[in-house]
Amino acid sequence: MATERYNPRESEPRWQKAWEDARLFEAKDDESLPTYYVLEMFPYPSGRIHIGHTRNYTMGDVVARYKRAKGFNVLHPMGWDAFGMPAENAAMQNKVHPKEWTYQNIATMRAQLKMMGLSLDWSREFATCDVDYYHRQQMLFLDFHAKDLVTRKTSKVNWDPVDRTVLANEQVIDGRGWRSGAEVESRELAQWFFKITDYSEDLLNAIDRLDAWPDKVRLMQRNWIGRSEGLSIRWPLVEDTAPGGEQELEVYTTRPDTIFGASFMAVSADHPLAKKAAEKNPELAAFIEECRRVGTSAASLETVEKKGLDTGIRVRHPFDPEWTLPVYVANFVLMEYGTGAIFGCPSGDQRDLDFANKYGLPVTPVVMPEGADPEAFQITEEAYTDDGVMINSHFLDGLSNDAAFEEVAKRLENETLGGKPVAERKVNFRLRDWGVSRQRYWGCPIPMIHCETCGVVPVPKEDLPVKLPDDIDFEQPGNPLDRHPTWRHVKCPKCGGDAQRETDTMDTFVDSSWYFARFTTPHADTPTKPEVTNRWLPVDQYIGGIEHAILHLLYSRFFTRGMRDTGHLGLDEPFRGLFTQGMVVHETYRAKDGRWLAPSEVRVEGSGSDRKAVEIATSEEVSIGSLEKMSKSKKNTVSPEDIIDSFGADTARWFMLSDSPPDRDVEWTDEGAAGAHRFVQRVWRLVTEAAPAIEKHKARAARQGDAASISKSAHKALKIVGNDIERLAFNRAIARIHELVRDLQGPLSKLDTAGDETRAAAREAIEILIRLIAPFMPHLAEECWAQIGGKGLVAEAVWPEYDPALVVDEEIVLPVQINGKKRGDLTIARDADQAAVEKAVLELDFVQKALNGAAPRKVIVVPQRIVNVVA
RNA sequence: GCGGACGUGGCGGAAUUGGUAGACGCAAGGGACUUAAAAUCCCUCGGGCUUCGCCCGUGCGGGUUCGAUCCCCGCCGUCCGCACCA
């Protein structure tokens with residue numbers, strides 16, 4: 001019988017419409033069902049859906065469809081991270097309004113996503129640039145402000161001279177703006193900050209409880225927060241060397257144990273003491289100026305020479321007033337960390353040692369490895385930074401460095417200088433407050449007003465939203481809101497006098513820091529409704545790229561705490577499970593003249609070492625380059641539409657999840673896609689050819705005879721595939737489905753002559769197979785389901801339960817080893833006890849031959865696993 | 001520099017965290033069907049040898065163990081994160 005090939009182009013839109021008409025994927029209000037919230041990081045509407053997006057969303061969709069089948073009330077929403085620079089760049093380049101550009105892109109991309117057959121709840125869709133959304137974000141901002149989680153401070157900021165905006169530290173990569181790639185300058189500006197550092201300790205400690213997050217991400221967050229325990233020590237200045245009014249220098253150290261190894265002090269060029277000393281010292285002033293320039297414009301700091309200049313100021317050692325040390329200004333000391341000043345212990349820190357050697361400062365070893373000879377132990381070129389025993393340190397000698405830390409802390413805490421303790425234990429964090437001010441148009445306006453008499457006044461909530469004006473011009477660089485003729489001029493809400501709006505807008509990371517909460521109540525007048533929001537949150541499974549391991553996730557964790565403390569929701573952590581998926585990569589092709597070529601422009605011939613690529617247009621050979629993330633610049637892209645056009649969405653979904661583990665990159669190859677399509681057709685053929693023989697039969701598992709092997713294959717696959725999906729091991733699930741299809745192929749081809757029992761078992765097996773492929777290839781599953789006369793839609797069918805009796809065999813095959821090497825098998829009843837197994841093994845021919853009449857030294861039986869005979 | 005991950009056939013990768021190494025897929029080779037092609041189906045596919053069997057083999061060198069891809073020690077290599085953090 002000739003079967004028609006499965007035609008995805010005809011089939012897929014039909015099923016998409018059927019699902020939509022039945023509104024199957026809208027999360028239900030039903031409170032009796034257990035909830036499951038699966039979310040993929042929402043896309044920026046750049047113009048087109050990228051193949052990488054589709055892999056990400058397919059993973060989420062497999063989980064969503066599986067969980068729905070398992071009886072959960074699933075929330076699987078989609079939206080748009082729609083504010084940001086590209087819209088403004090497009091406005092400047094193409095004279096199109098950012099709003100228009102953005103919403104057009106959204107329309108295009110929504111249509112592309114719908115072709116993928118994703119089970120999304122589109123009724124909850126929003127874009128962060130919707131007034132409706134940023135209105136609520138402004139409410140949150142005001143609440144955070146009232147709760148003292150927002151502050152305005154003047155600070156040194158990273159200024160991107162090309163984009164003309166301020167960047168967060170996290171947005172500066174190797175000294176360059178993350179978007180523009182321009183070298184970042186340093187400027188002093190008044191900025192709005194979220195006080196994320198209020199939660200430093202909690203954000204750090206809670207990482208321990210995020211056990212469904214990848215270890216890698218947890219570690220990255222820990223390092224980013226960067227907690228260190230140390231001592232803040234105040235060193236008195238030698239009176240006649242100190243600039244007017246200055247009396248002490250406070251330094252932070254994590255190594256107070258090395259205090260007797262101190263040989264100099266170093267302060268940042270921005271340190272007040274340095275500034276003061278420079279007033280009467282032109283050489284120092286020049287040096288400080290030089291440090292600033294280097295500190296802000298150097299692309300790679302590692303190439304910068306460590307430099308310092310003696311200020312002439314001297315400090316007294318806390319344990320010996322007669323001992324004075326010089327104070328340097330050094331270009332490697334950061335004002336932003338600790339107190340902006342350090343004491344240098346050359347023997348215990350490589351950088352300090354280099355500095356001491358350069359400026360001829362003393363080097364006294366104070367920690368040596370245990371067992372070394374204190375008389376002979378010397379430090380010349382290499383510092384000793386490990387743990388060890390104290391030497392040359394007076395009362396600390398002989399102690400471990402940990403004990404010495406404690407001893408120094410204890411003594412200095414109890415001594416006073418100017419009525420205050422000399423030292424204080426202090427925990428320091430690397431984490432900085434989150435500067436959110438951006439001098440851009442296309443972002444959420446910060447709802448604040450500057451009044452000359454009242455200062456900074458929040459916009460009253462009833463006056464929200466502060467809407468972006470539509471009539472703007474992009475003729476000049478900088479912030480169009482600043483130049484708008486009327487928008488910024490308002491009356492002060494407090495005194496009624498003339499006042500000015502804040503023209504900064506918020507960092508777009510703010511938008512994405514709470515969207516997952518908004519999806520729970522997308523149409524509410526308030527940002528959330530705690531009674532609803534708390535039912536859905538935390539997100540059970542969040543899926544996205546590793547590039548967001550720090551920023552987005554940390555900000556979202558902060559926002560969740562902020563929203564908790566302002567009464568918008570009742571939990572600490574937004575994402576219970578996190579999964580970071582790999583990218584879709586493709587070979588790159590480059591012509592001799594350096595042009596990148598798209599895969600569609602080349603023809604690849606041969607295989608192995610003979611493999612070569614030829615440019616179709618010119619017939620010239622081109623070089624085949626490394627696998628790279630698909631990008632416009634290297635032209636190694638494959639468009640989702642082209643794939644859907646030639647193979648259908650199911651094939652694309654199936655291929656992207658097979659082979660490579662989901663957290664690793666997958667290489668897109670035409671052969672691989674064709675292979676996936678072959679499998680689609682194979683399933684279709686298997687089902688349609690068996691359909692007539694099983695049409696009139698009711699599904700029923702068989703336990704005896706040949707038919708039982710069909711049922712066993714199906715139930716074993718059912719069990720394993722379910723487990724694999726739970727663990728997001730999609731590649732393994734797919735391998736198991738391949739095996740099931742292979743196992744069913746033989747028996748199902750002989751159904752014409754089979755009895756009722758076999759046909760019933762075959763029907764059950766096919767129903768199971770269709771259910772197993774449904775999360776991955778939902779359209780094909782529906783088409784197959786219809787083919788065997790299934791009721792309703794697979795998308796609303798319940799995931800079947802496997803029968804435990806069918807997934808175990810009565811007889812098992814145990815590998816038998818002799819001295820650890822496999823020499824054969826033993827087939828024995830599953831419930832045979834250890835003694836029976838041992839007896840049977842010793843009777844095996846090859847075992848007797850190996851033993852040669854002697855008794856074995858030992859027989860190790862690992863139940864259900866293996867037997868090892870030690871001869 | 002600091003921190004982390006990884007290293008398995010021609011390729012992507014399996015191996016229930018100490019129990020048959022190479023599942024499944026891709027590529028390749030051979031065969032069947034066909035006038036032919038496509039499609040489909042079957043077989044082979046880590047290396048070596050004296051090939052019904054044996055030896056070697058999970059980056060390299062050691063170790064622990066009845067047994068090691070998995071644990072320990074020491075190297076080599078690749079990738080990622082942070083990076084003047086006191």
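Everything numeric in this text was worked out from a predicted model, so none of it was measured. Only this structure's heavy atoms are used, side chains among them; waters, hydrogens and symmetry mates stay out.
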Residues in salt bridge (charged side-chain N to carboxylate O under 4.0 Å, His left out) contact with A:D349, at least two apart in sequence or another chain: none
May I ask you to decide whether A:D215 forms a salt bridge with A:R218, counting only side-chain N to carboxylate O separations under 4.0 Å? yes
Do A:W668 and A:M656 touch side chain to side chain, with heavy atoms closer than 4.5 Å? yes
Do the side chains of A:R823 and A:V847 get nearer than 4.5 Å, heavy atoms only? no
Can you check each nucleotide of nucleotides 42-51 of chain B against protein heavy atoms at under 4.0 Å and return B for base, S for sugar-phosphate only, - for none, in 5' to 3' order? ----------
Syn or anti for B:rU64, please, going by whether the chi angle lies within 90° of 0. anti
In the structure I gave you, are the side-chain heavy atoms of A:L686 and A:L769 within less than 4.5 Å of one another anywhere? yes
Check: A:Q864 and A:R830 side chains under 4.5 Å, non-hydrogen atoms: yes
Chi-angle category of B:rG9 [syn within 90° of 0, anti beyond]: syn
Mind checking the P distance from B:rG77 to B:rA23? Whole angstroms is fine. 32 Å
Summary of protein contacts for nucleotides 15-26 of chain B, nucleotide by nucleotide, where a base hit scores B, a sugar-phosphate-only hit scores S (4.0 Å, heavy atoms): SB--BB--BSSS
Do A:D433 and A:T197 have a side chain donor and acceptor closer than 3.5 Å? yes
Quick test: give all pairs of protein nitrogen or oxygen and nucleotides 55-57 of chain B nitrogen or oxygen below 3.5 Å, distance rounded to 0.1 Å.
| from | atom 1 | to | atom 2 | distance (Å) |
| --- | --- | --- | --- | --- |
| B:rC55 | OP2 | A:R823 | NH2 | 3.2 |
| B:rC56 | OP2 | A:K821 | NZ | 3.3 |

Secondary structure of RNA chain B per the Watson-Crick/G-U criterion (both distances under 3.5 Å; [ ] crossing, | other strand, . unpaired) is (((((((..(((......[....))).(((((.......))))).((((...))))..(((((..]....))))))))))))....
Can you tell me if A:S232 and A:E250 form a side-chain donor-acceptor pair at under 3.5 Å? yes
Distance in angstrom units between A:I225 CD1 and B:rC82 C1', rounded: 14 Å
Can you tell me how far C1' in B:rC6 sits from the matching atom in B:rC70, rounded to whole Å? 14 Å
Heavy-atom distance under 4.5 Å between the side chains of A:V604 and A:Y589, does that happen here? yes
Among B:rG13, B:rU40, B:rC82, the nucleotide that comes nearest once only the side chain of A:I550 is considered: B:rC82
Suppose you measure atom P in B:rC49 against the same atom in B:rU35; what distance do you get, rounded to whole Å? 43 Å
Answer yes or no: does a side-chain N or O of A:R222 lie under 4.0 Å from OP1 or OP2 of B:rG3? no
How about A:Y328 and A:F355: are their ring centroids closer than 6.0 Å? yes
Separation between the C1' atoms of B:rC79 and B:rC72, rounded to whole Å: 25 Å
So, do A:F655 and A:R55 sit near enough that their side-chain heavy atoms are less than 4.5 Å apart? no
Under 3.5 Å between N/O atoms: give me all the protein pairs with nucleotides 61-64 of chain B, atom names plus distance.
none

Taking any heavy-atom pair under 4.0 Å as a contact, classify A:L219: base, sugar-phosphate, or nothing. sugar-phosphate
Would the base of B:rC84 count as contacting A:K306 through its side chain, where contact means a donor and an acceptor less than 3.5 Å apart? yes
